[in-house]
Structures are given as structure tokens and as C-alpha cells.
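This report concerns only the one structure given below.
Throughout, a chain's letter reflects where its sequence line sits, starting with A, and its residues are numbered from 1.
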Protein chains: 2
Amino acid sequence: MTATNLLEIKLARRESIPNADLELLRGLKRNERVVDAHEDLITEGDNPSAVTLILEGFACRYKLLPDGQRSIMAYLLPGDICDLHVALLGEMDHSIATLSECRVSRIDKTTVSELEERPHLRRALWLSQLVDHAISRQWIINLARRRGDKMIAHLMCEILSRLQAVGLAADDSFAFPVTQGELGDTLGVSTVHVNRMLAQLRNKGLIAQQGRNVQVLNFQNLSHYCDFDARYLHLEAGQ
Amino acid sequence: MTATNLLEIKLARRESIPNADLELLRGLKRNERVVDAHEDLITEGDNPSAVTLILEGFACRYKLLPDGQRSIMAYLLPGDICDLHVALLGEMDHSIATLSECRVSRIDKTTVSELEERPHLRRALWLSQLVDHAISRQWIINLARRRGDKMIAHLMCEILSRLQAVGLAADDSFAFPVTQGELGDTLGVSTVHVNRMLAQLRNKGLIAQQGRNVQVLNFQNLSHYCDFDARYLHLEAGQ
DNA sequence: CGGCAACTTGACAATGCTCAACGCGGGTGG
DNA sequence: CCACCCGCGTTGAGCATTGTCAAGTTGCCG
């Protein structure tokens, strides 16, 4: 699977996009680079002049609090775009960093503008922004209303579904390069507690882990366990 | 202050909008109505054909979980627009309900399209969507990383700031028609705990309450107490 | 082989939940 | 006009979940 195909898959999932537009996507003059794990792609306060597309690896939006805590507010997976329209807002109110080594592509503003002149692409890009917001809302629910291993189970279901949508988790198992500490910063719990929650999910036979690989043993069971309902990801073709 | 002025204030806050566009806003054929407290404006699963503008009162985005819990994911305050582009996503993945009696205005799709043909308005509407997303991210941080009365304090700071931005909280005090139970559904804690957290804030001299009115006694102190930094609301004129 | 980061486990403390009771005030029906 | 009711707010006591601290263990990599 080539790099731009990821974006293609994502954008073309819900409605057909004219071939001419797809050609434009494929022909994106890509400014690819590989970034080490735990490097900032954009730092809070920056006024970014370009958009970053994740091609490989995991990244996250995060913010450091004055007391030294870190809060991770979103995961960026392959095919995801950072801050398509952040230029409208002026400076970044949070940072984006890699969690694993990542291959990313820089798309400058003028290219973005070209993409947005195409009505279908504009709709598709909008849509992916709306889905990102829907994901944030689900994280709010997850943090507010699920506890213990159900919270972590829901996150796993989401990541699996999102990776499957770009063809990166064919058999319900996937590379998950996130440490327990980082999971704690995501779910607002301590590393120790993440460790115990994961152990519970393993003991219940819902997931298995081999190194940095997660396998969902029975997606049906896991979804039911944590009330995961993939509709918020809007992966199906729309109305 | 007239109704559409609210929207005007919001949209024109960060960049100037041509008079012709403002006229268009003022001339919106408004379909106003008053809705009782605790009524759905849009229900999960609906495929809305119009956009709702809140003119007066508090509303919220919420979702009911299978176990009967309710999770409130966002507050909609006067001047806020519900789901400008939800049509792109097909059916609603959550509901919107009034918290208090509300005056709302229905803007149908064709009118929205007209507004969006104006570049400045389109930018301004986008921007308000981006700010909504920034607010969701802050709620994630609040839920994940702040505990006890700091969590509730941060929410109060946000609401005060947002109300001030539309001229509804001139003296650091504001009508707050949200019950302790609803606050619990927002912050993911029990009613009893909300009660105790509010009592702590009162005892610390940070807020005062008279009936359904909240007064922030010293905004500086309160912000500092809960690490509130209003920049994420992007109320200042941009870059 | 040594070092470091991540993971694991146990014991105890803190935070928040549940259950239960009571106060208060506005609205309604007798 | 009064009595009642019901929703909301308040408070106390005991319990459950999660945090903190501390001590290993594992596994990779130089």
C-alpha cells in the first residue's frame, strides 16, 4: 500500500470522489521524512505554515499542564491529517508529537488550497475534520463515564476500527507502540493502574499482547464489554 | 442586544467581516421559537435538515449509555450553532437538548449554503467549528487530569469566559441554570460529589451562589486555582 | 555484562461512590 | 389558604476504585 493511498482510502470511504481529484491526491508533491519517536511535529505556540500527514506510525495531540502532568487528547494514526485549518486560529493551543517513529509528509498551504478548490475533496476533508471531533466527543464520554478496564477496552476498539479502516489491522491484531505510561496520560490514570487494567482484559480473554502487538481475541465480545458502537467513526458510506 | 447580534459578535470577534455579510446575517429569515427546558432539539439518529442557533438559554450535547448513564459532552450557549455541517455525516451520533428554557432559531440548509458562499462568513463559521473542537479537547484534559473542585472550577471559568464573549456576564456573575445532577453528568461524577466540590469552592471564597446564579468572586484567583488559560477559546483577534 | 526503560506486583492512602436521611421551596389540589 | 409532593440541595457513614510509594523483574541495546 503506497502512502497517498492511505489518504485516498480515508477520503473516498464515504462518497465517491472523481478520478481527477484522486489523481490530484496521488500526485501530491510529497515532502516525506521520517521522524524519531517522541519528537514534536508541532509545538504549542507555533504558527504552522503547513499541514502534516501521517503515513506510518502513531502520533498524538498533547498538552503539558503547569504541574508537570501530560494529557494526551487524541491519537493520530496513518492517514490522519494534523490541523488542516489551524492557520485560521493563529497559534497552536496544543502540541503534536510522535509516539513511535513516524513517516510523515508535509503539505504546504498552497497545496492545501488547491485541494480545497475541488468540491468533492473539500467535502471529504471537512468530513474527516467532523469525524475527528466526533472522536473527541467519544473520548469525553469514555473519560467521564467508563471506568477501569472498560475505558481501556473502548480505546482499543476505537484504534482497531480506525486502523482497519486504512487496512492496517486485517486480523484484529495491530502494532501498538504506546507505553503504559502514555496510555495513562491518555486515560488520566496512573501507569500502575493501566498495568492492572490491561492484565484484567488479558485475564478475561478479551485481548492478548505480544510485545508491542495487541490482538483483539473476539471483537464482538470486546465491543459488547465496553459498549463500543463504531457508528461515531462514520466509516460507512453516508446517506 | 438583539438576537442576531449575538452571532454577529461571535463571528466578527476575530476578524472583520464586510458590512454586506453582516447585513446578510442580520437579515436572516429567522424561525424563532421558545423551547421548554429538558426537550430534545435533535435526537440521536435524526438526519437533521436544518441548523439550530441558540439565542437564549443553555443547551447541551449528550448521549445516553446502555446502562442508563447520561454523558453531557458540550454546552451550547447563546450565540452557539448546533451542527452546522452535520448533514455531511448523515445521522446524528448524539442528541442535543435544552438544559433551561431556550429561545432558538432554525436556519434551513439553503440559508446555510447562502452564508457559506461568502468567503468571510465561511471562514468565520469554520472558525467557530474549530473553537468548538478546541473546547472539546480542553474537556478531555479537564476530565483526565483535574480532580475535585479544580475540575468544576475550570468548567466555571470556561462558561464565564464564553458568556462574557457574548456580553452575558459583565460583572463576573451569570445565570447558570444547570442542576448539580446535570453537572455530575457533565463531569462524570456523582451528584453528591458535585455538591461537595461546589461547597469547597464556596468555602475557599472562589465563587458564590445565589439560587441559579453563579458569581466568580475573583477571576484571577479562580483561573490560577484550576490552571485555566483562556487562549484555547481563541477570543482574541487572530494572527 | 551493565544500564536503562518499561512492565509488574504489593501495601496503604486518598479520592469519589452509594445509600440513606433530611431540609427547603415552589407548585398543585383540596 | 393550607397540606402535600416532588425535585433539588445538603450532609453523614461506610465502601469501592484508583493513586502513591516502593521494590522487584524483564528485555533490549550498547
Side-chain angles (χ1 to χ4, degrees), chain A residues 36-39 58 65 67-72 98-101 142-155 175-204 207-214 226, chain B residues 36-39 58 65 67-72 97-101 142-156 175-204 207-214 226:
Chain A
D36 280 349
H38 311 116
E39 298 269 331
F58 278 44
L65 305 193
D67 61 3
Q69 290 188 104
R70 178 175 60 165
S71 187
I72 293 177
T98 55
L99 287 169
S100 65
E101 183 176 288
N142 206 28
L143 289 165
R145 286 306 192 194
R146 277 185 276 266
R147 4 207 72 229
D149 56 355
K150 292 190 180 181
M151 183 165 57
I152 206 164
H154 196 275
L155 180 62
F176 186 66
V178 181
T179 67
Q180 294 183 356
E182 287 159 349
L183 268 175
D185 287 346
T186 306
L187 298 171
V189 299
S190 66
T191 303
V192 172
H193 197 54
V194 168
N195 186 287
R196 294 193 235 256
M197 292 193 292
L198 281 170
Q200 280 183 45
L201 290 179
R202 288 193 305 265
N203 291 338
K204 286 172 178 159
I207 67 168
Q209 293 179 283
Q210 309 104 69
R212 289 285 159 86
N213 253 297
V214 171
C226 61
Chain B
D36 280 348
H38 312 116
E39 299 268 330
F58 278 43
L65 305 193
D67 61 3
Q69 291 187 103
R70 179 174 60 165
S71 187
I72 293 177
T98 55
L99 288 169
S100 65
E101 183 177 289
N142 206 25
L143 289 165
R145 285 306 191 195
R146 276 185 276 266
R147 7 204 72 232
D149 56 356
K150 293 191 180 180
M151 182 164 57
I152 207 166
H154 195 275
L155 181 61
M156 291 299 173
F176 186 66
V178 181
T179 67
Q180 295 184 356
E182 287 159 349
L183 269 175
D185 287 346
T186 306
L187 298 171
V189 298
S190 67
T191 304
V192 172
H193 197 55
V194 168
N195 186 288
R196 294 193 235 256
M197 293 192 291
L198 281 171
Q200 281 183 45
L201 289 179
R202 287 193 306 262
N203 291 338
K204 286 171 180 160
I207 67 168
Q209 293 179 281
Q210 309 105 68
R212 289 285 159 85
N213 254 297
V214 170
C226 62

If a protein heavy atom is under 4.0 Å from the base, mark B; if only from the sugar-phosphate, S; if neither, -; do that for nucleotides 3-17 of chain C going 5' to 3'. ---SSBBBB---SSS

Rounded to the nearest 0.5 angstrom, the CG-CD1 distance for A:Leu198 and A:Ile207 is 5.5 Å

Given side chains that start at C-beta, do those of A:Asp36 and A:Thr98 come closer than 4.5 Å, heavy atoms only? no

Between P of D:dG9 and CD1 of B:Ile152, the distance in whole Å: 11 Å

Atom-pair distance (CG on A:Asp185; P on D:dG19), nearest Å: 12 Å

Review item, nucleotides 23-28 of chain C N/O atoms under 3.5 Å of protein N/O:
none

With Watson-Crick and G-U wobble geometry limited to distances under 3.5 Å, how should the secondary structure of DNA chain D be encoded in dot-bracket form, using | for bases paired to another strand and [ ] for crossing pairs? ||||||||||||||||||||||||||||||

Atom CZ in A:Arg196, atom CG in A:Asp149: separation rounded to 0.5 Å? 13.5 Å

So, B:Arg145 and A:Asp185, do they make that salt bridge, N to O below 4.0 Å? yes

If you measure from CD on A:Glu101 to CD on A:Glu39, what distance do you get to the nearest 0.5 Å? 10.5 Å

If I take atom OG1 from residue A:Thr186 and atom CE from residue A:Met151, how far apart are they, to the nearest 0.5 angstrom? 10.0 Å

Output for pair (A:Ser71 OG, B:Asn142 CG), nearest 0.5 Å, gives 9.5 Å

Looking only at heavy atoms, the pair that brings B:Ile152 and B:Leu183 closest together is CD1-CD1, 4.1 Å

Under a 3.5 Å distance rule, please check whether B:Ser100 uses its side chain to pair with a backbone N or O of B:Ala37 as donor and acceptor. no

Could you state the interatomic distance from CZ (B:Arg212) to CZ (B:Phe58), rounded to the nearest 0.5 Å? 11.5 Å

